[in-house]
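A quick write-up on the structure given underneath.
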Amino acid sequence: MKIESVDFFYCSMPEVLDIGDGSQDALLVRIRAGGLEGWGECEASPLTSIASYVCPMSHSACKPLKYSLEGKSLNDVEDIYSISRDAQQNSFDLLQANHTLSGIDIALWDLLGKKLGEPVYRLLGYKKSYPKLPYASQLFGDTPEQTFAKALSARDSGFRAIKFGWGPFGKKDVITDAAHLEAARQGAGDDIFLMIDAGTVWNDNVEAAQQRLAALKKINAFWLEEPFTNLSAGAYHELSQSQPSIALAGGEGCNSFEQANLMLKYAGLTFIQIDAGRIGGITVAKNVADVAESQNISFVNHTFTSHLALSASLQPYAGIEKDNICEYPVELKPLARELTLTNILPDENGFILTPEKPGLGMEVNLAILKKYLQNVEIRVNGKEIYYTPSV
Ligand SMILES: [Mg+2]
C-alpha cells in the first residue's frame, strides 16, 4: 500500500501551566493507506513539530519531513526502517525533525500492525510480551504534607511502585528536600518501590546532588532520575561513583539514537529512560533497547501523555522479561486521559500488559480530539502550506 496522507492534529487544554506536566497539549499524527489508518503522538511542542513537516527546504540536509514520506510504500517492516533512515539523512539539520518523526514512526507501526494483524511488539521481533510493574508517576506536592497525601493515595489505589518528581524538589535547601523524601516514604510505606525524579534541577552541579544522597539513601530510593540536564554525561558519571551510592536513571530528553548511545556509554546509568514520542519513534527506541540490553542497562519507558503514547512507549521493550518496570502517569489532564476510548489498566496483581490487538491496540476518541483541537494555518507569502485537516 502507498501512504496517502499524513495529518497532524494539535490539541491543547484551555490553559497550559508552567509545570512539568507534558499532558497539557498533544500532537496527534494520523496516517492513511490502503483503507486503513494508524495513529501516533509526538512528545513535543506541537506547532514547531508541524512546521518541520511542511517547512520549505533550506538545503539538502534540511528538508521538511514530508520529503521522506510522500508517495512511499508501506508493506513490511523494512519500509518503516527505510523511511526512518531517509528522514535522518534528509532532515538531520532540522532540529525538531526527530520529534515529528516520532509521531509519524509510531503511526506507521500502528498502521502496519493493523494491515498485518499483529501487535507492534511482534513486528519488532519479540515472540511475546512480559508484564510490567507500573509506577504511579506524579509531581511532588507543593508541601511535604501534600507529598505525603499523594503517596498515600497512590498506595491506596493499589500501586506497588511510586515516583515523585519535579515540583519544588531541589529548588530550595537540603532540609526541605529531605522533608519531601521522608513524607513520600511515610505515605507510600516501606514495601513500595519509591523513585525520585529531580527533573534536571541541578543542571550539571554534582555537589548539589551529592548533598541529597544521604536523604535518598535513608528513604531507600529505588533510583534517582535526571539529576542533571540531558547529555551531562560527565556529571552523571561522577555522581554514579559517589557515596552513598544510588542507582541513576536518565535519558528521557534524548532525541536521537546517538544521544541515547552517549548516555549508555558514559553516564554510569543503571536505567535508561526513552520516550518513543521524542527519540525518533518506536524504531529508534527499539535500537536503544537492544544496545541497553547488551550493556546490562535496564530499559524503562518514559511517557507522560495519553495511553496511545503509553502503548507506543511499551512496544520497544515489551519482550525483554528482565526490564519489568514502566512509567505510568497518574495525573493526566483530561485531554490526555480521555484521548483513547480505552485505557491500559493494571491487573489484579498490579501489573500492566502491552495491548495484544493489532498495531498499538488503542483507539483514538475523535470526540475528545475535536473538543481540544486547535486550528492552525501556516502561510508563506500568502500561500497556505498547512492547515488543520478535517477529523
Ligand atoms: Mg523524568
Side-chain angles (χ1 to χ4, degrees), residues 17-25 41-45 99 102 132-141 147 150-151 154 159 161-171 177 180-181 184 188 193-205 208-209 212 216 221-233 235-236 239-240 246-255 259-260 263-264 267-279 285 288-289 292 297-306 309-310 312-314 316-317 323 325-333 336:
L17 306 172
D18 185 5
I19 55 174
D21 175 1
S23 72
Q24 303 184 86
D25 65 7
E41 182 177 347
C42 308
E43 169 55 44
S45 153
H99 292 256
S102 296
K132 308 292 183 198
L133 184 68
Y135 59 83
S137 187
Q138 52 191 328
L139 306 180
F140 275 105
T147 297
K150 285 177 150 204
F159 285 99
I162 302 172
K163 186 175 90 180
F164 283 105
W166 298 74
F169 190 74
K171 289 179 179 158
D177 287 349
H180 274 279
L181 294 175
F193 295 110
L194 183 58
M195 295 83 157
I196 301 300
D197 180 357
T200 75
V201 70
W202 300 305
N203 295 308
D204 62 353
N205 182 346
R212 273 81 175 179
L216 288 160
F222 187 71
W223 73 47
L224 173 63
E225 173 175 333
E226 281 213 310
F228 311 119
T229 39
N230 187 38
L231 307 183
S232 299
Y236 270 93
L239 187 62
S240 77
I246 187 157
L248 295 182
E252 70 181 65
C254 294
N255 57 21
Q259 290 187 4
M263 291 296 282
L264 285 169
L269 296 178
T270 303
F271 300 92
I272 181 96
Q273 301 168 293
I274 295 300
D275 198 315
R278 182 182 284 156
I279 197 158
V288 177
I297 293 171
S298 293
F299 187 101
V300 184
N301 66 326
H302 173 265
T303 187
F304 215 82
T305 57
S306 73
L310 173 62
S313 78
L314 293 170
Y317 77 124
D323 295 349
I325 291 173
C326 80
E327 176 155 45
Y328 190 89
V330 292
E331 292 181 324
L332 294 178
K333 291 285 182 286

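All ligand and atom numbering here is 1-based and tracks the order in the structure. Numbering of residues begins at 1 and proceeds along the displayed sequence. Note: hydrogens, waters and symmetry copies are ignored here, and every other heavy atom, side chains too, is used.
Nearest N, O or S atom of E225 to the Mg ion (ligand 1): atom OE2. Distances from the Mg ion (ligand 1) to each N, O or S atom of E252 single out OE1 as the nearest. In D197, the N, O or S atom that comes nearest to the Mg ion (ligand 1) is OD2.
The side chain to side chain donor-acceptor pair (under 3.5 Å) test with H302 singles out one residue from E226, E43, E252, E225, and that residue is E252.
Within the 4.5 Å cutoff, side-chain heavy atoms of D21 are placed close to those of K333. Using a 4.5 Å cut-off on side-chain heavy atoms (C-beta onward), M195 and I162 make no contact.
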**Message:** Apply side chain to side chain contact (heavy atoms under 4.5 Å, CB included) to residues I274 and Y317 and explain how you reach the verdict.
**Reply:** CA-CA 10 Å; I274 295 300; Y317 77 124; over 6 Å; no

